[in-house]
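Note sheet for the following structure.
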Amino acid sequence: MGTKAKKKSIVKNLKKASAQFSASKDDSPDFVPLEGGPARKIPKIEERENKATVLYIGRIPHGFYENEMEGFFKQFGTIKRLRIARNRKTGKSKHFGFIEFESPEVAKVVSECMHNFLLFEHLLQVYLVPPERVQPNLWKGVTHRYKPLDWVKIERKHHDKERTMEEHKKLVERIMKRDQRRRKRIEASGIDYDCPEIVGSNQPTSKKIRFDAE
């Protein structure tokens, strides 16, 4: 046998031995149970591909609203949608919201960088939301931006509305009851104070006009 043939057989045997060693290494058990029994292997966990693009953001401070959040988080990447949970009646923030980025990689970076980030004395809580847990109505009304209610105008309209005689009478009765409770509290506390009368509490009685029969 020539030198070349011997060299080829040696390389072939080395490859075969290394393949057998790697196969035996892969098949070898990882641990032996303490309670006894055959050796076992640790099951391999397949890493799922990150497809989450929606982030939950909690503990949002007062004053950090839609425009401020969009201006702050767009430094990481393109934002598709953004929503802050608000009270339906008052429109005030509930201090949590959701952001959707175009790229899953950007969303992952934001969740890792901004979790427990101190902002206006609040530690932001940022978590990735898996696609299967994103509710269909999560982005309902996302295009509607909050408009502050003019409570002065609402109360003025309620105060100045036209009332019937019965409604006005009930209103005066409620005011007089509150005034009586206030007077009793002042007397019970031992304060000698002459409370002024409420103007307009005494309503004139309607006059009855008698028509003589002709």
Side-chain angles (χ1 to χ4, degrees), residues 54-75 79 81-100 110 114-127 129 134-214:
V54 179
L55 289 171
Y56 163 83
I57 302 179
R59 293 187 56 80
I60 299 174
H62 174 69
F64 194 63
Y65 300 140
E66 286 87 354
N67 294 333
E68 291 79 8
M69 285 183 66
E70 186 174 1
F72 182 80
F73 283 101
K74 70 180 181 181
Q75 63 180 314
I79 299 174
R81 289 178 288 192
L82 183 149
R83 176 175 177 261
I84 292 179
R86 291 183 176 274
N87 186 292
R88 292 184 178 180
K89 186 176 181 181
T90 62
K92 292 183 179 180
S93 171
K94 293 184 178 180
H95 304 288
F96 72 92
F98 300 90
I99 293 182
E100 183 179 12
V110 173
M114 297 304 300
H115 184 62
N116 286 331
F117 182 81
L118 184 63
L119 183 69
F120 297 122
E121 300 181 359
H122 284 246
L123 288 174
L124 294 180
Q125 302 298 305
V126 184
Y127 300 101
V129 182
V134 177
Q135 301 296 327
N137 59 347
L138 176 64
W139 304 110
K140 184 178 179 181
V142 68
T143 56
H144 174 71
R145 290 300 173 95
Y146 168 66
K147 184 179 179 182
L149 296 175
D150 189 353
W151 288 105
V152 175
K153 184 179 179 181
I154 293 172
E155 290 298 326
R156 185 188 298 118
K157 184 178 179 181
H158 177 72
H159 183 271
D160 295 343
K161 74 173 185 179
E162 294 183 2
R163 294 180 174 87
T164 61
M165 289 297 296
E166 289 295 327
E167 290 176 345
H168 183 74
K169 186 178 179 181
K170 289 180 180 179
L171 177 64
V172 172
E173 288 177 357
R174 288 196 298 269
I175 294 174
M176 294 301 298
K177 286 181 180 179
R178 286 198 299 268
D179 183 65
Q180 290 296 328
R181 289 196 295 267
R182 179 171 60 87
R183 290 171 183 267
K184 289 180 181 180
R185 285 197 301 269
I186 292 174
E187 291 178 3
S189 60
I191 299 174
D192 186 13
Y193 177 71
D194 188 14
C195 298
E197 293 292 334
I198 297 176
V199 178
S201 59
N202 298 323
Q203 294 292 327
T205 57
S206 58
K207 295 181 179 180
K208 294 182 180 179
I209 301 174
R210 182 176 180 180
F211 295 94
D212 296 331
E214 293 180 358

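If you take CD1 on Ile186 and SG on Cys195, they are separated by 4.0 Å, rounding to the nearest 0.5 Å. Summarising the geometry, atom CH2 belonging to Trp151 is positioned 7.5 Å from atom OG1 belonging to Thr90; distances are rounded to the nearest 0.5 Å. Here the CD1-CE distance, from Ile99 to Met69, works out to 3.5 Å after rounding to the nearest 0.5 Å. Taken to the nearest 0.5 Å, the CE atom of Met176 stands 14.0 Å off from the CZ atom of Arg174.
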- request: Show the numbers, then the answer: is there a side-chain contact (heavy atoms from CB on, under 4.5 Å) between Ile84 and Lys94?
  value: CA-CA 8 Å; Ile84 292 179; Lys94 293 184 178 180; over 6 Å; no

task: For the pair Met114 and Phe73, evaluate side-chain contact (heavy atoms from CB on, under 4.5 Å) and give the outcome as yes or no after the intermediate values.
output: CA-CA 10 Å; Met114 297 304 300; Phe73 283 101; 3.9 Å; yes

message: Under the criterion side-chain contact (heavy atoms from CB on, under 4.5 Å), I'd like the reasoning laid out for Leu82 against Glu100: C-alpha separation, chi angles, the key distance, then a yes or no.
response: CA-CA 6 Å; Leu82 183 149; Glu100 183 179 12; over 6 Å; no

Residues Leu138, Val54; criterion side-chain contact (heavy atoms from CB on, under 4.5 Å); working and verdict: CA-CA 10 Å; Leu138 176 64; Val54 179; 4.2 Å; yes

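For the pair Asn137 (side chain) and Lys140 (backbone), a donor-acceptor distance under 3.5 Å is absent.
Sorted by first then second residue, the side chain to side chain donor-acceptor pair (under 3.5 Å) pairs that include residues 181-196, not counting sequence neighbours, are Asp179-Arg182, Asp179-Arg183. Within the structure, no pair that satisfies the side chain to side chain donor-acceptor pair (under 3.5 Å) test touches residues 154-166, not counting sequence neighbours.
With sequence neighbours excluded, the residues that form a side-chain contact (heavy atoms from CB on, under 4.5 Å) with His122 are Arg59, Pro61. For Gln180, there are no side-chain hydrogen bond (donor to acceptor under 3.5 Å, both in side chains) partners at least two apart in sequence or on another chain. Glu173 is linked by a side-chain contact (heavy atoms from CB on, under 4.5 Å) to Lys169, counting only residues two or more places apart in sequence or in another chain. With sequence neighbours excluded, no residue satisfies ring pair (Phe, Tyr, Trp, His ring centres under 6.0 Å) with Phe96. Not counting sequence neighbours, the partners of Tyr56 by the ring pair (Phe, Tyr, Trp, His ring centres under 6.0 Å) test are Phe98. Under the ring pair (Phe, Tyr, Trp, His ring centres under 6.0 Å) criterion, His115 pairs with Tyr127, sequence neighbours left out. For the side-chain hydrogen bond (donor to acceptor under 3.5 Å, both in side chains) test, residues two or more places apart in sequence or in another chain that qualify with Asn67 are Arg145. Residues passing the ring pair (Phe, Tyr, Trp, His ring centres under 6.0 Å) test with Phe117, sequence neighbours excluded: none.
By the 6.0 Å contact criterion, CZ on Phe72 is enclosed, its count of non-hydrogen atoms from other residues, nucleotides or ligands being greater than 12.
Counting heavy atoms from C-beta on, the side chains of Tyr65 and Arg86 come closer than 4.5 Å.
Scanning all heavy atoms of the two residues, the minimum distance from Val126 to Val110 falls at CG1-O, 4.3 Å. Annotation for Ile79 and Lys74: closest pair CD1-N, 3.7 Å, computed over non-hydrogen atoms.
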